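Worksheet for the structure shown next.
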Amino acid sequence: MNIKNTFPGCLSTNYDTISIASAVVELEKYAFTISSFTSVSLDPESILFCMNKSNELKITEGRKISISFLHEDQVMLSKACSDPKKHGERFAFKGWVEEDEYIYNKDSRFVVQSIVTNIIEKGTHFIIICDVNKLLILNEDKKPLIYGNRDYAKIER
């Protein structure tokens with residue numbers, strides 16, 4: 001078994017919730033889809049997510065970052081934020097709000113506002129660790145957007 005061939009295939013069968021990381025840098029808006037997100041600590045409240053090195057956003061320690069947790073009706077927003085060719089379309093979707101140097105999508109389920117504290121380089125990605133400053137609970141009654149088996153899926157309850 002060749003791990004280089006089987007590793008991506010195995011991971012693609014896993015289901016993850018989909019979120020968007022977003023930031024404003026020198027008046028330029030950035031947003032990109034993430035599926036690799038997890039909490040790190042409850043004290044202090046901290047999170048991490050992974051970002052491909054090819055991403056146009058240059059992350060630095062101290063950068064303010066919002067994570068908007070998407071619901072199942074936000075597939076098109078997720079697709080726009082994951083396609084490098086659609087950078088200009090990302091902020092055409094309704095719901096974007098800029099406040100206190102953060103940018104986030106108010107139509108999402110909830111938002112974590114944080115500050116980057118550590119950046120770890122690993123292979124093709126950066127692991128971004130952040131301290132949480134604020135949590136915005138917006139549309140928690142909506143079902144989360146999930147992705148697995150190379151497609152979006154719905155949670156049946």
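Predicted, not measured: the structure shown is a model, and the values here were computed from it.
Criterion: ILVMFWY side-chain heavy atoms under 4.5 Å apart, direct or through other members. Under it, V111 and F93 are not part of a common hydrophobic cluster. Linking ILVMFWY residues whenever their side-chain heavy atoms come closer than 4.5 Å, directly or via other members, places V25 and F126 in the same cluster. Cluster annotation: I115 is not connected to I129 through the hydrophobic network of ILVMFWY side chains, with a link wherever side-chain heavy atoms come within less than 4.5 Å. Cluster membership check: V132 shares its hydrophobic cluster with I59, using side-chain heavy-atom separations under 4.5 Å among Ile, Leu, Val, Met, Phe, Trp and Tyr. Taken together through direct or relayed side-chain contacts under 4.5 Å among Ile, Leu, Val, Met, Phe, Trp and Tyr, I128 and L135 form part of one hydrophobic cluster.
Here the rule is side chain to side chain contact (heavy atoms under 4.5 Å, CB included) with K53, and of H125, E121, K122 only E121 fits it. When I20, V24, I65 are each tested for a side chain to side chain contact (heavy atoms under 4.5 Å, CB included) with I103, only one passes: V24. The residue from F110, F49, Y104 that alone fulfils the ring-ring contact (aromatic ring centres under 6.0 Å, His included) condition with F69 is F110.
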Full working for side-chain contact (heavy atoms from CB on, under 4.5 Å) between Y152 and I146: CA-CA 6 Å; Y152 292 92; I146 59 174; over 6 Å; no
From CA spacing to verdict: side-chain contact (heavy atoms from CB on, under 4.5 Å), L136, Q113: CA-CA 8 Å; L136 306 172; Q113 293 181 337; 3.8 Å; yes
Steps toward side-chain contact (heavy atoms from CB on, under 4.5 Å) verdict (C50, I127): CA-CA 5 Å; C50 296; I127 301 164; 4.2 Å; yes
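The line from OG of S108 to CG of L145 is 11.5 Å long, rounded to the nearest 0.5 Å. If you take OG on S68 and NZ on K106, they are separated by 12.0 Å, rounding to the nearest 0.5 Å. Atom-to-atom distance recorded for D107:CG and H71:NE2 is 6.0 Å, nearest 0.5 angstrom. Between the CD atom of Q74 and the CZ atom of R109 there is a distance of 10.0 Å, given to the nearest 0.5 Å. To the nearest 0.5 Å, atoms CG (N118) and CG (D131) are separated by 8.0 Å. Between atom CG of residue L70 and atom SG of residue C81 there is a gap of 7.5 Å, rounded to the nearest 0.5 Å.
In terms of heavy atoms, A80 sits closest to K86 at O-CB, 3.6 Å. The minimum heavy-atom distance between T33 and S82, with the atom names listed, is OG1-N, 3.4 Å. The two residues I67 and A21 come nearest to each other via the heavy atoms CD1-CB, 3.7 Å.
Side-chain N or O atoms of R90 include one that pairs as donor or acceptor with a backbone N or O of A31 at under 3.5 Å. Judged by distance alone, the side chain of S41 and the main-chain N or O of D43 form a donor-acceptor pair under 3.5 Å. Side-chain atoms of N105 come within 3.5 Å of backbone N or O of K94 as a donor-acceptor pair. Judged purely by atom type and a 3.5 angstrom limit, D100 has no side-chain atom pairing as donor or acceptor with the backbone of Y102.
Between W96 and S22, the closest side-chain pair of non-hydrogen atoms falls below 4.5 Å. In this structure, I119 and E61 have side chains that are in contact, with non-hydrogen atoms separated by less than 4.5 Å. A heavy-atom distance below 4.5 Å is found between the side chains of V112 and I47. Side-chain contact between D73 and K142 is present, with heavy atoms from C-beta onward closer than 4.5 Å.
Using a 3.5 Å distance cut-off with no hydrogens or angles, the side chains of E45 and N133 do not pair a donor with an acceptor. Counted by atom type alone, Y15 and N149 present one or more donor-acceptor pairs between their side chains at under 3.5 Å. No side-chain N or O of Y147 forms a donor-acceptor pair with one of T17 less than 3.5 Å apart.
One finds no salt bridge joining K64 and E98 here, because no Lys/Arg side-chain nitrogen approaches an Asp/Glu carboxylate oxygen to under 4.0 Å.
For NZ of K85, the number of neighbouring non-hydrogen atoms (other residues, nucleotides, ligands) closer than 6.0 Å is 12 at most. More than 12 heavy atoms of other residues, nucleotides or ligands sit less than 6.0 Å from atom NZ of K58. Counting non-hydrogen atoms of other residues, nucleotides and ligands closer than 6.0 Å to CD of E28 gives a total above 12.
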